[in-house]
Participant: 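Below is a structure I'd like to ask you about.
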Amino acid sequence: MQKTPIIAAGLSMLLFAPALGFDFNESGPPQKSKIAEDAKQSSVQSNSVATNIPANPKEFARVMLYQCSLQAGHGPEDAKALSEKLSSNLSDPYVQGHFASNSQKYSSALFSFECVPEDSRLKFDSHIWRAYCYLNMKKEEEFFEQLDKAQKLRPHSTIAHFMRSCYFSRHHKPEKALKELVLAKSMDQSETAVSETAAGLFHQYKNENTTAIEHFKKAIAIDPTYADAYQYLGLCYSEQRNDTMWLQYWQRAVNAEPTCPNRRYALALLLQHMNMPLEAISQFDLALKVVPNSYLFHELKGDCYLTTHNWDEAAKEYFLALHFEPVPGLPPKRASAKSLVTDEPQTTIPITIFRQTTRSNISKQIVEDALELVPKPVIQKLHHDGVSLVIAPTVAEYLATLFKDSGSKWDPDLEKCAGLYSQKKKQVIIGEDSLCIPLSRQTSTEIVLHEFGHAYDHSLGKPSLSLSFKHRYVHDFAHMPKGLVPRLYWARERGTKGCAQLFADMFAYLYMSADEKRKSVEYEILFPSCYTFLKQKCPLPKVKFPNDICTNLR
């Protein structure tokens with residue numbers, strides 16, 4: 001079972017993406033409807049969701065510049081005065097730089113900030129924002145270079161030290177982060193929203209969430225409009241598994257800075273994670289008003305429609321995403337079947353018996369027979385990536401030890417698993433009870449190969465979740481007879497989980513023995529686009545389809 005990570009992205013780009021529990025991938029209904037209802041109720045009661053962005057360009061600029069000034073180290077009063085003054089001249093290079101940065105056009109933003117005159121009082125701020133742009137572009141050397149230039153202009157300013165501290169905290173370098181905090185405090189003892197937020201991040205990334213929450217709340221008390229503090233505070237609650245508070249504070253972050261598409265993007269992903277796809281779609285719509293050509297926002301909006309099983313709207317969004325993609329029309333950069341062969345002498349998948357029972361040897365033989373059907377290049381790829389297999393009396397028994405060791409919350413849906421793939425541990429886990437009960441050999445083989453389909457998908461970089469495959473997935477469903485769709489369990493899966501399940505199932509039946517090729521042909525008829533995609537990723541089996549297979553599913 002896979003829990004989707006939420007990618008937290010704020011304008012400062014110093015936000016961090018916490019993993020939401022175990023990273024499993026297998027079939028099973030999603031949980032947390034109770035959490036979603038609590039979150040909806042909290043949302044209504046707090047009335048804190050920003051539903052609109054400023055329509056007037058000058059008002060938009062004023063709100064955007066206010067938050068930018070706060071992040072550049074200005075106090076609330078100074079930030080307010082500066083934003084009101086600058087928003088009256090939309091052609092100013094400093095203002096243009098923020099518009100470009102807000103629209104994720106970082107190269108243009110860098111150019112605009114560079115055009116700020118040397119004698120301008122905003123030259124210091126320009127260096128700070130050039131540093132932010134380089135951080136977004138993952139150019140860390142240039143990031144530090146801009147901070148050094150800003151420091152030379154204002155040697156007594158603390159903002160560069162706080163930014164370095166946040167960076168080092170995020171990259172798990174607490175000694176360096178603490179050093180920058182101490183330097184900043186030695187220069188200025190006053191408590192500001194920026195200083196408290198930097199201190200909160202230092203404690204957050206040391207897993208001291210209680211202390212971090214205190215600092216973030218102090219930052220909000222100093223400046224109730226400081227968006228970063230709200231968003232970091234929400235992340236602390238996410239690590240405490242308090243989704244309701246997580247949502248509430250991310251809503252407040254968006255409310256404080258409604259002009260920032262990245263904050264809406266983060267909030268939309270959280271809403272989607274909490275099974276609130278319609279609310280997520282509204283946030284993506286507002287983000288697209290600022291960045292209309294964002295292929296990522298269109299793709300994720302398509303994922304929301306996929307969750308509601310609205311195939312037509314999902315297809316439209318994926319089409320737009322493909323149109324706006326940096327290199328539209330090209331397949332994703334994944335490993336191809338031709339590049340899978342290695343010269344490694346050992347090409348077997350390690351198999352471990354978790355607890356020996358009277359059924360363990362029979363289960364192991366079933367697994368080995370199933371793997372004999374898989375072409376050697378696939379086995380080589382999985383072996384090279386460190387994939388192994390664990391056979392346990394039940395999947396739940398094995399997972400119970402993992403959950404106990406990690407302190408994660410137990411998911412009751414795992415009690416029903418016949419098998420699953422753990423992306424974190426790169427383990428295929430198969431339960432003896434699912435193989436040795438009175439099932440046909442075909443069903444047992446399908447269980448094993450299905451989970452190896454997830455493993456292979458993960459080894460290739462998850463092509464099942466690529467924009468290209470998702471577009472094919474909704475296309476095939478949109479052209480399928482309506483009465484047939486409810487019978488297919490992939491269609492009942494929420495969101496992109498159905499894509500991963502279909503990929504794994506097609507993988508399994510592609511390599512089943514010749515007697516079971518009928519199912520593979522059915523997939524080729526029902527999902528022609530998806531099946532073509534699969535055959536581009538997987539080496540074709542040696543066994544040919546029987547000539548007498550003829551299905552009429554329609």
Participant: Do Lys301 and Asp285 sit within salt-bridge range, that is, some charged N less than 4.0 Å from a carboxylate O?
Facilitator: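 Counted as a salt bridge, because a side-chain N and a carboxylate O are separated by less than 4.0 Å.
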Participant: Mind checking the CD-CG spacing from Glu140 to Leu135? Nearest 0.5 Å is all I need.
Facilitator: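 CG of Leu135 is found 7.5 Å from CD of Glu140.
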Participant: Are Asp303 and Lys497 close enough for a salt bridge, meaning some N to O gap below 4.0 Å?
Facilitator: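 Salt bridge absent between Asp303 and Lys497.
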Participant: How close do Asp476 and Cys530 get, heavy atom to heavy atom, and via which atoms?
Facilitator: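 Of all heavy-atom pairs spanning Asp476 and Cys530, the closest is OD2-N, 3.1 Å.
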Participant: Just how far is it from atom CE of Met276 to atom CG of Leu247, taken to the nearest 0.5 Å?
Facilitator: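 Reported value, rounded in 0.5 Å steps: 5.5 Å.
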Participant: Show, in sequence, the C-alpha distance, side-chain angles and deciding distance for Phe452 and Tyr456, and conclude whether the ring pair (Phe, Tyr, Trp, His ring centres under 6.0 Å) test is met.
Facilitator: CA-CA 6 Å; Phe452 272 98; Tyr456 187 64; over 10 Å; no
Participant: How many angstroms lie between CD in Glu317 and CG in Leu306, if you round to the nearest 0.5 Å?
Facilitator: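 These two atoms lie 12.0 Å from each other.
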Participant: I want to check a possible cation-pi pair here: Arg252 against Tyr249, using under 6.0 Å from ring centre and within 45° of the ring axis as the test.
Facilitator: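 That pair qualifies as a cation-pi contact.
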Participant: Relative to each other, are the rings of Phe477 and Trp311 parallel, tilted or perpendicular (30° and 60° limits)?
Facilitator: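 Plane angle under 30°, so parallel.
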Participant: Should the heavy atoms of other residues, nucleotides or ligands under 6.0 Å from CZ of Phe319 be counted, would the total exceed 12?
Facilitator: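 No, the 6.0 Å shell around CZ holds no more than 12 heavy atoms from other groups.
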Participant: Considering non-hydrogen atoms only, spot the tightest contact between Asp505 and His450 and give its length.
Facilitator: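 Heavy atoms only, the tightest pair is OD1-ND1, 2.7 Å.
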Participant: According to the interplanar angle, ranging from 0 to 90°, do the rings of Phe284 and Tyr265 count as parallel (below 30°), tilted (30 to 60°) or perpendicular (above 60°)?
Facilitator: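 Ring orientation of Phe284 relative to Tyr265: tilted.
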Participant: Nearest 0.5 Å, please: how far is CG in Leu382 from NZ in Lys426?
Facilitator: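 The NZ atom of Lys426 sits 10.5 Å away from the CG atom of Leu382.
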Participant: Between the side chains of Asn207 and Glu239, is a donor N or O closer than 3.5 angstrom to an acceptor N or O?
Facilitator: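 No donor-acceptor contact under 3.5 Å links the two side chains.
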Participant: Test ring pair (Phe, Tyr, Trp, His ring centres under 6.0 Å) on His475 and His479 and set out the steps.
Facilitator: CA-CA 6 Å; His475 174 273; His479 290 79; 4.2 Å; yes
Participant: Search all heavy atoms of Trp250 against all heavy atoms of Tyr230 and return the closest pair with its distance.
Facilitator: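 Scanning both residues, the minimum pair turns out to be CD1-O, 4.2 Å.
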Participant: Can you name the nearest heavy-atom pair linking Pro463 to Phe469, along with the distance?
Facilitator: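 Looking at all heavy atoms of both residues, the shortest contact is O-CB, 3.3 Å.
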Participant: Restricting to non-hydrogen atoms, name the atom on Ser466 and the atom on Glu299 that form the minimum distance, rounded to 0.1 Å.
Facilitator: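 Taking every non-hydrogen atom into account, C-OE2, 4.5 Å.
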Participant: To the nearest 0.5 Å, how far apart are OG in Ser169 and OH in Tyr205?
Facilitator: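 Between Ser169 OG and Tyr205 OH, I get 8.0 Å after rounding to 0.5 Å.
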